[in-house]
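Single-structure report; data block below.
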Amino acid sequence: MKPINYIIAILFLFAQPSYALEHSNARPGSAEFLIAACQEYTELYNKKDELGFGTFLTTSKEESFRAGYCLGAVMHTNSTCSYSYTLSVYQAAKVIASVNVKQRYSETRLLEDAVCR
């Protein structure tokens, strides 16, 4: 077997699905999807400083999409707020990611509560 096959096999053995991927089947536009997307964003943000070979290779296209969805939603809401006390997108994403999915929020209300507070 070629060495690259061994490397790929090792990456698949150590790659773990994210919490947001395992616990979300919601569609874009729902509060559940936004919560899962912000969980993904915070996971990727926390992983950015990890040392090790191939940490950037363990992020899938879908995980990147969800993280980008959170980033875009928070930045858009921040630009439409009449006032904003949120210091960073990461802080707003952490607030959204910590919301219990069982609490019934609309996506708009969740974003306004997290970003425009």
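- To the nearest 0.5 Å, atoms CD1 (Ile35) and CD (Glu107) are separated by 10.0 Å.
- Contacts of Tyr45 classified as ring-ring contact (aromatic ring centres under 6.0 Å, His included), with partners at least two apart in sequence or in another chain: Tyr90.
- Considering every non-hydrogen atom in both Val89 and Met75, the closest pair reads CG2-CG, 3.9 Å.
- To the nearest 0.5 Å, atoms SG (Cys81) and NE2 (His76) are separated by 9.5 Å.
- Closest non-hydrogen pair, Glu63 versus Leu44, comes out as O-CD1, 4.1 Å.
- Atom CZ of residue Arg66 and atom NZ of residue Lys61 lie 12.0 Å apart, to the nearest 0.5 angstrom.
- Interatomic distance, CZ of Phe33 versus SG of Cys38, reported as 10.0 Å (0.5 Å rounding).
- Every side-chain contact (heavy atoms from CB on, under 4.5 Å) that Val95 has, sequence neighbours left out, goes to Ala114, Arg117.
- When every heavy atom of Ala97 is checked against every heavy atom of Gln39, the shortest pair comes out as O-NE2, 3.4 Å.
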Could you walk me through whether Tyr41 and Ile96 pass side chain to side chain contact (heavy atoms under 4.5 Å, CB included), step by step?
CA-CA 11 Å; Tyr41 177 80; Ile96 294 169; over 6 Å; no
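- Remark: side-chain polar atoms of Asn78 are not paired, donor with acceptor, to backbone N or O of Val74 under 3.5 angstrom.
- Closest approach of Ala31 to Ser106, counting heavy atoms only: CB-C, 4.1 Å.
- Here Ala73 pairs with Leu34, Leu111 under the side-chain contact (heavy atoms from CB on, under 4.5 Å) rule; sequence neighbours left out.
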